[in-house]
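Here is the structure we will look at.
Starting from 1, each residue takes its place in the sequence as its number.
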Amino acid sequence: LAAQGADLAALEQAAANGPDDSAEIPLALARARLAAGDVDGAHRDLDAVADRDPLDWRVDWFRGVAALVSGNAARARTAFDAVYSALPGELAPQLALAVAAERGGDATGAAQRYERVWRTDRSFVSAAFGQARVALGRGDRAVAVTILDAVPDGSAHHVTAQIAAARARFGARMPHLVASDLADASARVERLRLDVERGAGLAVELLGAALDWVRARGMPGSGAVLGHGLTERELRFGLERAYRSLAKVVPDADTRIALVDQANRVRPRTLV
């Protein structure tokens with residue numbers, strides 16, 4: 001936040017000393033103000049650019065971003081539609097329109113635009129995540145997982161996509177969660193090379209879901225999750241270890257104590 005404030009101050013100084021006919025500094029100022037949450041200030045900068053050049057599509061772009069920041073999805077769609085009209089065929093405004101549609105509750109419109117962007121250019125990974133979110137929102141986990149699996153191995157977002165796919169599999173509500181969901185999620189997590197904090201955190205989520213599943217059924221299941229059999233006792237031991245592993249790496253002392261307490265609560269009773 002301090003660095004952000006310093007950048008904003010530097011831009012304000014540049015605007016005060018810069019040429020009056022430059023749109024670059026006011027646009028950079030608008031971007032910085034939006035990052036700081038100053039929507040009204042950003043609009044003033046954008047209005048100044050629009051007064052000089054009413055046809056600058058970047059004004060509509062940042063007005064759309066400002067509308068999203070303000071939670072006004074309808075206004076964002078109008079602004080991004082103007083950008084798309086100025087730049088027909090460009091994928092960035094189509095992706096922005098998909099986001100605005102999703103925020104506005106138009107799941108069908110959002111899915112169509114996300115799918116179009118993702119089908120056209122696989123470098124727009126955020127379109128895949130958006131399409132998967134919409135699919136999950138309508139309860140279609142299989143479609144969401146298929147989309148996330150299409151994120152290439154070489155992508156910087158591949159691991160994130162696989163984590164999201166695992167969560168989509170074990171995150172189903174009862175009674176829709178089945179043993180194959182848990183097995184698939186477990187295999188995905190075991191394939192990933194995660195740091196201790198992310199790995200332990202994901203293990204807590206997955207083992208917790210498996211424990212809830214066994215309890216809901218009232219009987220053990222076949223197979224294993226992260227090396228632990230689908231019995232309440234085995235899953236409790238696994239969950240205890242995951243909580244303790246996570247407690248070792250979290251920086252906050254209060255969180256660490258809470259995780260150790262949770263490990264103690266979940267541990268099954270033993271003779272020792």
Side-chain angles (χ1 to χ4, degrees), residues 125 128-129 132-133 135-137 139 141-142 144-272:
V125 180
F129 284 105
R133 278 196 310 274
L136 283 174
R141 292 185 298 132
V145 170
T146 298
I147 294 164
L148 293 166
D149 278 343
V151 176
D153 292 351
S155 169
H157 304 284
H158 175 73
V159 170
T160 303
Q162 285 300 297
I163 291 173
R167 285 180 170 141
R169 292 303 299 263
F170 71 73
R173 295 182 179 181
M174 306 296 177
H176 302 292
L177 184 66
V178 296
S180 59
D181 289 323
L182 296 170
D184 180 83
S186 177
R188 290 173 187 276
V189 173
E190 289 174 330
R191 286 196 299 266
L192 297 175
R193 295 181 179 179
L194 301 176
D195 58 74
V196 175
E197 185 171 358
R198 280 206 301 175
L202 196 55
V204 164
E205 294 180 43
L206 175 51
L207 289 166
L211 180 58
D212 289 342
W213 180 78
V214 169
R215 284 172 168 172
R217 295 177 80 239
M219 59 184 295
S222 60
V225 169
L226 301 182
H228 302 281
L230 287 174
T231 67
E232 183 167 348
R233 182 179 177 81
E234 280 291 309
L235 292 170
R236 281 180 173 273
F237 275 127
L239 197 50
E240 179 204 5
R241 282 193 282 273
Y243 275 124
R244 294 193 190 282
S245 295
L246 189 56
K248 291 177 181 178
V249 295
V250 295
D252 179 66
D254 291 338
T255 303
R256 187 161 54 248
I257 292 169
L259 289 169
V260 171
D261 288 343
Q262 190 68 17
N264 292 333
R265 280 194 292 270
V266 78
R267 178 182 172 84
R269 293 184 180 182
T270 62
L271 297 177
V272 179

[X] to [Y] - nearest heavy-atom pair and separation:
| X | Y | result |
| --- | --- | --- |
| Ala132 | Ile147 | N-CD1, 4.2 Å |
| Ser155 | Val125 | OG-CG2, 3.9 Å |
| Ser222 | Leu230 | O-CD1, 3.1 Å |
| Leu177 | Trp213 | O-NE1, 3.2 Å |
| Pro220 | Thr231 | CB-CG2, 3.8 Å |
| Gly229 | Glu234 | O-CB, 3.3 Å |

Are side-chain heavy atoms of [X] and [Y] found at a separation under 4.5 Å?
| X | Y | result |
| --- | --- | --- |
| Phe129 | Leu148 | yes |
| Asp195 | Val249 | no |
| Arg198 | Val159 | yes |

- [ ] Using the test salt bridge (Lys or Arg N to Asp or Glu O under 4.0 Å), find all partners of Asp252 that sit at least two apart in sequence or belong to another chain.
- [x]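 Scan of Asp252 (salt bridge (Lys or Arg N to Asp or Glu O under 4.0 Å), adjacent residues dropped) gives none.
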Task: Check against side-chain contact (heavy atoms from CB on, under 4.5 Å), Arg141 and Leu136 - done: CA-CA 5 Å; Arg141 292 185 298 132; Leu136 283 174; 3.8 Å; yes
- [ ] Using side-chain hydrogen bond (donor to acceptor under 3.5 Å, both in side chains) as the criterion, list what pairs up with Glu232, not counting sequence neighbours.
- [x]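 Listed in chain order: Arg236.
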Open item on the list: My understanding is that only residues two or more places apart in sequence, or in another chain, count here; which of them pass side-chain hydrogen bond (donor to acceptor under 3.5 Å, both in side chains) with Arg215?
Closed with: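 For Arg215 there are no side-chain hydrogen bond (donor to acceptor under 3.5 Å, both in side chains) partners, ignoring immediate neighbours.
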Can you tell me how far [atom2] of [Y] sits from [atom1] of [X], rounded to the nearest 0.5 angstrom?
| X | Y | atom1 | atom2 | answer |
| --- | --- | --- | --- | --- |
| Leu211 | Leu239 | CG | CG | 6.5 Å |
| Arg233 | Arg267 | CZ | CZ | 8.5 Å |
| Phe170 | Asp212 | CZ | CG | 11.0 Å |
| Arg244 | Leu259 | CZ | CG | 10.5 Å |

TODO: Go through the steps for Leu207 and His228 under the test side-chain contact (heavy atoms from CB on, under 4.5 Å), then give the verdict.
DONE: CA-CA 9 Å; Leu207 289 166; His228 302 281; 4.1 Å; yes
Could you tell me which residues satisfy side chain to side chain contact (heavy atoms under 4.5 Å, CB included) with [X], sequence neighbours excluded, listed by chain and number?
| X | value |
| --- | --- |
| Ser245 | Ala200 |
| Gln162 | Asp149, His158, Arg188, Arg191, Leu192 |
| Arg256 | Ala247, Val250, Ala253 |

Task: Exam field: side chain Thr146 to backbone Ala142, donor-acceptor pair closer than 3.5 Å - done: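 Between the backbone of Ala142 and the side chain of Thr146 there is a qualifying donor-acceptor contact (under 3.5 Å).
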TODO: For the pair Asp181 (side chain) and Val178 (backbone), establish whether a donor and an acceptor sit closer than 3.5 Å, ignoring hydrogens and angles.
DONE: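 Yes: the side chain of Asp181 pairs with the backbone of Val178.
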TODO: Kindly indicate, with the supporting measurements, whether the criterion side-chain contact (heavy atoms from CB on, under 4.5 Å) is fulfilled by Glu240 and Tyr243.
DONE: CA-CA 5 Å; Glu240 179 204 5; Tyr243 275 124; 5.8 Å; no
